[in-house]
Amino acid sequence: MRFTSLVIELIRARPRLIVWIAVLLQAAMWLLVALLFYRSPPGSLATLLAFGREYQVGTDLGPPLSIWLADIAYRVAGGHMFGVYVLAELCEIATFIALYHLARAVVGTQQAVLAVLLTMTVLAFSSSALDFGPLVLARPLWALLLLHSWQIIGQRRGNAWFAWSIEAGLLLLTTPAAIFLLAMLVIFALATAGGRRTLRALDPLFALVVVAVLALPYAVWLMRAQTLVLPALPQVADLSARAIHAAWLLGGLVLGAIAVPVLSFLNAPLFAGKGEEAPIIYRPPVEPLARNFVYFFALAPALGAVVISGLFRFEAVVGGAGVVLVMSGLAMVVAAGDLIAMRGARMLRTVWAAAVVAPAAGVVLGVLFMPWTGTGEIATSMPARAISDFFDESFARRTNHRLRAVAGETQLASLITLHSGRPHLFIDANPARTPWMSQAKFSESGGVVVWRASDTAGTPPPEILARFPGIVPEVPRAFEWLVTGRQQLLRIGWAIVRPKGT
């Protein structure tokens with residue numbers, strides 16, 4: 001009897017089960033990494049939560065939906081970051097499940113599993129798994145938009161318009177790149193006969209009304225805040241530098257998706273064993289419109305985002321690499337043909353697993369071994385709970401009042417705002433970023449000013465001393481990192497601004 005791998009047989013017989021197992025195992029892996037090796041939030045997540053506590057319709061961080069959801073998840077989890085990490089992984093799961101349903105409609109259930117598995121390697125390298133924010137929330141919304149767009153254009157299912165309109169409105173409330181992504185959908189619809197036929201109905205008008213209603217509050221805030229300022233076009237002399245920047249961004253996208261061509265190359269006949277009868281993953285023929293749909297949304301958003309980001313010198317790709325590359329795995333499966341032979345299944349499984357696990361392993365190794373090199377600090381190794389508890393309790397003992405605001409270095413101040421009392425964040429270097437707090441309000445309510453201590457006396461930096469001329473620095477407080485290694489202790493200088501009337 002010919003032996004066939006159990007995984008291949010499960011892909012043929014229970015494709016949905018394979019997708020759920022792979023997606024849930026990856027989510028569990030990242031949650032375990034966060035619980036064991038994260039003592040403070042990654043990236044700018046602490047600042048995002050400090051802004052979310054205020055429930056502003058709009059801030060300089062962008063549309064409000066991801067900011068609000070992060071704060072809700074934090075509160076539901078009882079003031080623990082685990083709730084936000086779970087929310088980030090739920091977004092990851094929703095992205096892959098939506099992609100599976102889209103791929104199943106295009107290439108059938110069996111090859112849809114391959115599309116999801118390939119895409120998992122792409123998102124593992126190109127986007128953060130736990131740093132919840134607009135780029136993480138936009139991924140499932142964009143995947144759902146693509147799914148329902150195909151149902152509308154390719155399958156002519158008019159009942160998908162309502163879901164499409166909700167998702168488009170939520171995407172506008174999530175990321176400024178929503179305009180660019182929705183423009184991609186409109187361009188494809190206008191460029192195809194099926195899309196033009198769909199747009200001639202009344203359903204798009206009703207969908208447009210729903211989108212406008214959802215996005216109206218944020219649009220009103222944008223007009224009142226006068227932040228709708230288009231970036232200036234570059235000078236001719238700057239075009240070469242912008243082109244180089246765009247090339248670097250494109251190289252980053254290619255590097256993020258490198259596991260897809262690597263796995264495809266390893267599945268070539270060159271690596272097949274002698275006499276091996278490779279099992280076949282079958283699909284029905286892909287219709288031309290579906291092929292064009294997949295190729296367009298695998299290439300156009302990525303290339304368009306690179307051009308725009310390079311032209312206006314944005315630091316990262318517009319929309320995020322995890323959004324613009326979400327169709328890359330499905331595009332490779334469509335290009336592979338109706339019959340995909342799985343040659344060297346054991347090697348393919350090993351390389352795929354290594355690609356999915358490598359980013360998490362890199363985080364763990366960095367946390368454990370980088371402190372011994374003395375080359376830099378790991379932001380997630382800061383003891384956020386100990387820091388917030390110390391300054392909250394110190395303020396309460398000195399003033400007999402609850403801590404209501406924190407100023408100074410934004411990263412440290414954001415960690416203190418995670419305390420159960422949830423004091424306000426005041427970015428004193430740029431007060432316009434935190435309109436809920438001003439210098440006068442801070443002086444009235446009192447608070448703590450924090451900074452990185454550079455000496456044993458805790459002398460404030462000149463810029464902080466200029467903004468708070470009357471502060472008296474306290475003895476710096478030292479905190480241990482998760483792994484101290486050869487690093488010095490984290491020393492935080494601080495001073496108390498007493499509330500008026502005390």
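We count residues from 1, following the sequence as given.
Here the side chain of Ser40 pairs a donor or acceptor atom with the backbone of Ala379 at under 3.5 angstrom. For Ser438 (side chain) and Lys441 (main-chain N/O), a donor-acceptor pair under 3.5 Å exists by modelled atom type. Between the side chain of Arg402 and the backbone N or O of Gly421, at least one donor-acceptor pair lies under 3.5 Å. Listed for the Asp428 side chain is a donor-acceptor partner under 3.5 Å among the backbone atoms of Gly408. Between the side chain of Gln439 and the main chain of Arg467, a donor-acceptor pair closer than 3.5 Å is present. Between the side chain of Tyr38 and the backbone N or O of Thr380, no donor-acceptor pair lies under 3.5 Å. Tyr74 places a side-chain N or O within 3.5 Å of a backbone atom of Leu418 that can act as its donor or acceptor partner. For His401 (side chain) and Ser445 (main-chain N/O), no donor-acceptor pair under 3.5 Å exists by modelled atom type. Remark: side-chain polar atoms of Ser309 are not paired, donor with acceptor, to backbone N or O of Val306 under 3.5 angstrom. Without hydrogens or angle criteria, Thr484 side chain to Gln487 main chain gives no donor-acceptor distance under 3.5 Å.
With salt bridges taken as basic N to acidic carboxylate O contacts below 4.0 Å, one links Arg433 and Asp60. Ion pairing of Arg422 with Asp392 is absent here, as no side-chain N (NZ or NE/NH1/NH2) approaches a carboxylate O to less than 4.0 Å.
In this structure, Arg16 is not positioned above the aromatic face of Tyr100 in the sense of NZ or CZ being under 6.0 Å from the six-membered ring centre and within 45° of the axis. By the 6.0 Å and 45° rule, Arg398 does not stack over the aromatic ring of Phe395.
Crowding of Asn400 atom CG: a count of heavy atoms from other residues, nucleotides or ligands under 6.0 Å not exceeding 12. Counting heavy-atom neighbours within 6.0 Å of Phe162 CZ, excluding the residue itself, gives a total of 12 or less. For Trp20, the CH2 atom sits in a loose shell: 12 or fewer heavy atoms of surrounding residues, nucleotides or ligands are nearer than 6.0 Å. Around atom CZ of Arg14, no more than 12 heavy atoms belonging to other residues, nucleotides or ligands sit under 6.0 Å away. More than 12 heavy atoms of other residues, nucleotides or ligands lie within 6.0 Å of CD in Glu463, so this atom counts as buried by the packing criterion.
Ring planes of Phe188 and Phe293: perpendicular class, angle over 60° (limits at 30 and 60°). The aromatic rings of Phe51 and Trp436 sit perpendicular, their planes meeting at an angle over 60°, well past the 30° parallel limit. Ring geometry, Tyr218 versus Trp221: the interplanar angle falls under 30°, so the pair is classed parallel (tilted spans 30 to 60°).
Contact of the Leu185 side chain with the Trp164 side chain is registered, since non-hydrogen atoms from C-beta on lie closer than 4.5 Å. Residues Ile387 and His419 have side chains not in contact (no heavy-atom distance under 4.5 Å, counting atoms from C-beta outward). Within the 4.5 Å cutoff, side-chain heavy atoms of Met29 are placed close to those of Val357. The closest side-chain heavy-atom distance from Val122 to Ile258 is not below 4.5 Å.
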side-chain contact (heavy atoms from CB on, under 4.5 Å) assessment of Trp150 paired with Phe297: CA-CA 11 Å; Trp150 173 247; Phe297 287 105; over 6 Å; no
Pair Val317-Leu250, side-chain contact (heavy atoms from CB on, under 4.5 Å): steps then yes or no: CA-CA 9 Å; Val317 173; Leu250 180 60; over 6 Å; no
Worked verdict on Trp142 versus Val324 for side-chain contact (heavy atoms from CB on, under 4.5 Å): CA-CA 9 Å; Trp142 177 236; Val324 300; over 6 Å; no
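The shortest non-hydrogen separation linking Val483 to Leu368 is CG1-O, 3.8 Å. Across all non-hydrogen atoms, the minimal contact from Ala360 to Val33 is CB-CG2, 4.1 Å.
You'll find the ring centres of Phe391 and Trp494 inside the 6.0 Å limit. No close placement of the Phe132 and Tyr85 rings is indicated, their centers lying 6.0 Å or farther apart.
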